[in-house]
There are 2 protein chains.
Amino acid sequence: MLQYPQEEPDFGVALSTSLVLFGFDGSDLQVLLAKSKRAPYEGALFLPSRYIAADDDLMLSARKMFKQLFGYEDPAMIEQLQAFGKVFRHPGGRVINVAHYALVRKSDFQASNWDENDMQWIPFSEVPDLAFDHNEIVQYAKERLKRRVKRRPVGFGLLPDKFTLGQLQNLYEIALGKTFDKRNFRKKLFKTTLLIDLDQKADGRAAGQHKGSQLFSFNKEKYQKMKIQGYDFVF
Amino acid sequence: MLQYPQEEPDFGVALSTSLVLFGFDGSDLQVLLAKSKRAPYEGALFLPSRYIAADDDLMLSARKMFKQLFGYEDPAMIEQLQAFGKVFRHPGGRVINVAHYALVRKSDFQASNWDENDMQWIPFSEVPDLAFDHNEIVQYAKERLKRRVKRRPVGFGLLPDKFTLGQLQNLYEIALGKTFDKRNFRKKLFKTTLLIDLDQKADGRAAGQHKGSQLFSFNKEKYQKMKIQGYDFVF
DNA sequence: TCAAAAGTGTTGGGGGTACACCCATGC
DNA sequence: GCATGGGTGTACCCCCAACACTTTTGA
């Protein structure tokens with residue numbers, strides 16, 4: 001039969017998932033990486049990864065790993081990237097990596113058992129050579145993030161609840177890889193009417209935040225309503 | 001170890017791939033579907049699919065299936081969509097479907113052994129309930145196509161070498177799901193300077209083609225050059 | 001007092017959208 | 001002759017890009 005030329009499926013494959021975790025500390029967009037302790041990649045950095053049991057849901061497995069790392073369940077955004085086949089060959093057979101990416105607010109959690117796994121945040125633009133084919137995955141994730149940032153207000157999921165326009169602009173500039181004029185950037189964002197002016201000024205200096213600058217939050221409810229009515233966020 | 005909590009990968013999974021094949025006949029964008037002859041989906045339509053051997057490359061498997069169907073190797077565009085996990089459960093175990101999509105020029109090939117497999121082109125907007133989770137895959141493929149059409153000149157890969165502006169407009173309208181003003185559409189396309197006016201008028205009536213209307217072709221070489229110099233096709 | 005970021009308006013040009021009529025061809 | 005699609009120009013508006021100086025705060 002043309003559609004299924006092999007008589008029987010070949011049940012010799014294992015699944016893994018890697019998570020590309022993007023975090024933002026106010027001035028720097030970063031990717032979470034672990035350090036390998038095993039040959040042949042001893043000492044090299046790689047994406048947090050795990051095997052998926054044969055009967056586990058793909059997305060659920062990715063979410064479980066996320067929870068293990070951060071202690072909470074619902075990242076601002078999590079999505080499958082795609083399946084990567086050119087992974088390292090396990091002696092036991094073929095392993096397919098179904099990679100995901102997620103966005104986290106770095107302000108939302110505290111590192112817990114990361115040290116023992118040698119995990120660290122690496123700036124977006126300085127990701128070194130990684131183990132396995134993880135550079136390819138990170139590259140793909142970056143492209144996906146760019147597309148999403150342009151067409152959906154996902155950027156806000158990376159920021160703390162109260163943020164300054166400076167932080168927001170930093171984020172957009174790093175994610176999209178170009179600079180924007182401050183005045184034009186503000187006009188553009190205000191035009192969406194999705195920013196709530198909190199009538200509050202920053203009283204300390206978080207990363208990328210200037211003491212005394214105006215704080216804003218993102219009007220998620222309004223965005224939901226507008227979306228239903230056909231509004232399309234385009235940056 | 002946090003990164004790989006299961007000691008060993010679980011080699012009990014099989015891979016399959018489904019192809020979402022988009023074709024265009026000049027007036028209608030279509031998807032290629034086969035008819036199932038087996039329970040529990042007997043009579044239902046589904047995407048052309050095959051199992052992937054455990055040590056086969058994902059993309060290569062998709063290309064092989066493409067060649068089986070069309071007799072030539074290089075579709076205008078072929079890309080992985082993503083892995084779909086909620087596929088039917090084979091009695092032997094878990095099957096993961098790594099779906100792909102491809103664009104074909106319907107003018108480039110002749111149906112061969114399709115009859116015996118009950119394969120047929122179904123209009124883009126009239127895809128019925130499909131077997132397995134294939135509706136989800138088709139839906140995902142449509143979104144991907146929309147994005148690609150907007151940001152790359154992939155539409156031309158669906159058209160015959162010589163096409164009319166009417167055909168091109170049809171294609172864009174169906175793919176993006178909206179209508180365009182004829183004059184504005186032409187202005188926009190001419191502005192790209194990527195259309196070659198063949199100084200030739202259609203002498204018959206292909207689908208969606210009006211006898212006597214001007215024929216154009218796409219200047220692929222010029223596009224390649226412009227792309228290298230940073231040009232970004234945006235429709 | 002110096003450095004760094006916040007905050008603030010105007011102008012010009014380009015691109016998008018809206019809009020209507022005549023012509024060529026097939027049936 | 002009638003229906004269908006081909007082909008053509010103008011006007012307006014909105015959005016984007018370019019552009020510079022003053023103020024606040026921390027060090």
Side-chain angles (χ1 to χ4, degrees), chain A residues 24-28 150-151 159 162-174 176-217 230-235, chain B residues 24-28 149-151 159-160 162-174 176-217 230-235:
Chain A
F24 187 68
D25 68 2
S27 61
D28 238 346
K150 265 189 203 155
R151 313 208 56 92
L159 291 165
K162 300 176 178 185
F163 53 86
T164 68
L165 289 178
Q167 291 178 311
L168 187 61
Q169 185 170 347
N170 279 344
L171 174 58
Y172 271 85
E173 291 188 344
I174 300 172
L176 298 178
K178 50 182 166 182
T179 58
F180 299 100
D181 178 89
K182 209 195 311 179
R183 283 164 290 192
N184 295 335
F185 183 84
R186 281 156 190 253
K187 266 179 287 181
K188 200 164 175 176
L189 266 300
F190 287 142
K191 193 161 45 68
T192 65
T193 70
L194 290 170
L195 292 187
I196 301 172
D197 187 330
L198 295 173
D199 261 324
Q200 219 185 103
K201 289 182 188 293
D203 61 353
R205 282 188 107 168
Q209 194 174 83
H210 196 268
K211 175 167 172 177
S213 58
Q214 194 59 242
L215 289 172
F216 294 86
S217 69
Y231 171 74
D232 200 14
F233 181 92
V234 177
F235 178 76
Chain B
F24 186 67
D25 67 2
S27 61
D28 238 345
V149 160
K150 266 188 203 155
R151 310 208 58 91
L159 290 165
K162 302 176 178 186
F163 53 85
T164 69
L165 288 176
Q167 292 178 309
L168 187 61
Q169 186 170 348
N170 280 343
L171 174 58
Y172 271 84
E173 292 187 343
I174 300 171
L176 298 177
K178 51 182 164 182
T179 58
F180 298 99
D181 178 87
K182 208 194 313 179
R183 282 163 292 189
N184 296 335
F185 183 84
R186 283 160 190 249
K187 265 180 291 183
K188 199 165 176 178
L189 266 298
F190 287 143
K191 195 161 44 67
T192 66
T193 69
L194 289 169
L195 292 187
I196 301 171
D197 187 329
L198 295 173
D199 262 324
Q200 218 186 99
K201 290 182 187 291
D203 60 354
R205 282 190 106 166
Q209 193 174 84
H210 196 268
K211 174 167 175 176
S213 59
Q214 194 58 243
L215 290 171
F216 294 86
S217 69
Y231 171 75
D232 200 16
F233 182 93
V234 176
F235 177 75

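Proteins come first, then strands; the chains are lettered A, B, ... in the order of their sequence lines, and each starts at number 1. The basis for the numbers below is simple: all heavy atoms, side chains too, and nothing from hydrogens, waters or symmetry mates.
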Enumerate donor-acceptor pairs with a distance under 3.5 Å from any side-chain N or O in residues 182-192 of chain A to protein atoms, sequence neighbours excluded.
from     : atom 1 : to       : atom 2 : distance (Å)
A/Asn184 : OD1    : A/Lys187 : NZ     : 3.2
A/Thr192 : OG1    : A/Leu189 : O      : 2.6
A/Thr192 : OG1    : A/Leu194 : N      : 3.2

Side-chain donor-acceptor pairs under 3.5 Å in residues 196-206 of chain A, sequence neighbours left out?
from     : atom 1 : to       : atom 2 : distance (Å)
A/Asp197 : OD1    : A/Asp199 : N      : 2.9
A/Gln200 : OE1    : A/Lys162 : NZ     : 3.2

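Rounded to an integer number of Å, the gap from NZ of B/Lys150 to P of C/dG16 is 13 Å.
Contacts of residues 202-215 of chain B with DNA chain D (heavy atom under 4.0 Å): B/His210, B/Ser213, B/Gln214. Listed by residue number, the members of residues 181-195 of chain A with any heavy atom below 4.0 angstrom from DNA chain D are A/Asp181, A/Arg183, A/Asn184, A/Lys187.
Each of A/Phe235 and B/Phe216 was matched to the nucleotide of DNA chain D holding its nearest heavy atom; the match closer to the 5' end belongs to B/Phe216. Take the nearest nucleotide of DNA chain C for B/Lys201 and for A/Gly166: the residue whose nucleotide is more 5' is A/Gly166.
In this view, A/Asp232 and A/Arg151 satisfy the side chain to side chain donor-acceptor pair (under 3.5 Å) rule, not counting sequence neighbours. Annotation: ring-ring contact (aromatic ring centres under 6.0 Å, His included) contacts of A/Tyr231 (sequence neighbours excluded): none. In this view, B/Thr193 and B/Lys222 satisfy the side chain to side chain donor-acceptor pair (under 3.5 Å) rule, not counting sequence neighbours. Residues that satisfy the side chain to side chain contact (heavy atoms under 4.5 Å, CB included) test with B/Asn170, not counting sequence neighbours, are B/Phe24, B/Ser27.
Remark: B/Thr179 OG1 to B/Ile174 CD1 distance equals 12.0 Å, nearest 0.5 Å.
The backbone N or O of A/Gln167 sits nowhere less than 3.5 Å from a side-chain atom of A/Gln209 that would complete a donor-acceptor pair.
Once you apply a 4.0 Å limit to the heavy atoms of chain A, the touched nucleotides of DNA chain D run 5' to 3' over D/dA17 to D/dG26.
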Please walk me through it: do A/Phe235 and A/Leu176 pass side-chain contact (heavy atoms from CB on, under 4.5 Å)?
-> CA-CA 10 Å; A/Phe235 178 76; A/Leu176 298 178; 4.0 Å; yes
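Across all non-hydrogen atoms, the minimal contact from B/Gln169 to B/Asp181 is NE2-C, 4.2 Å.
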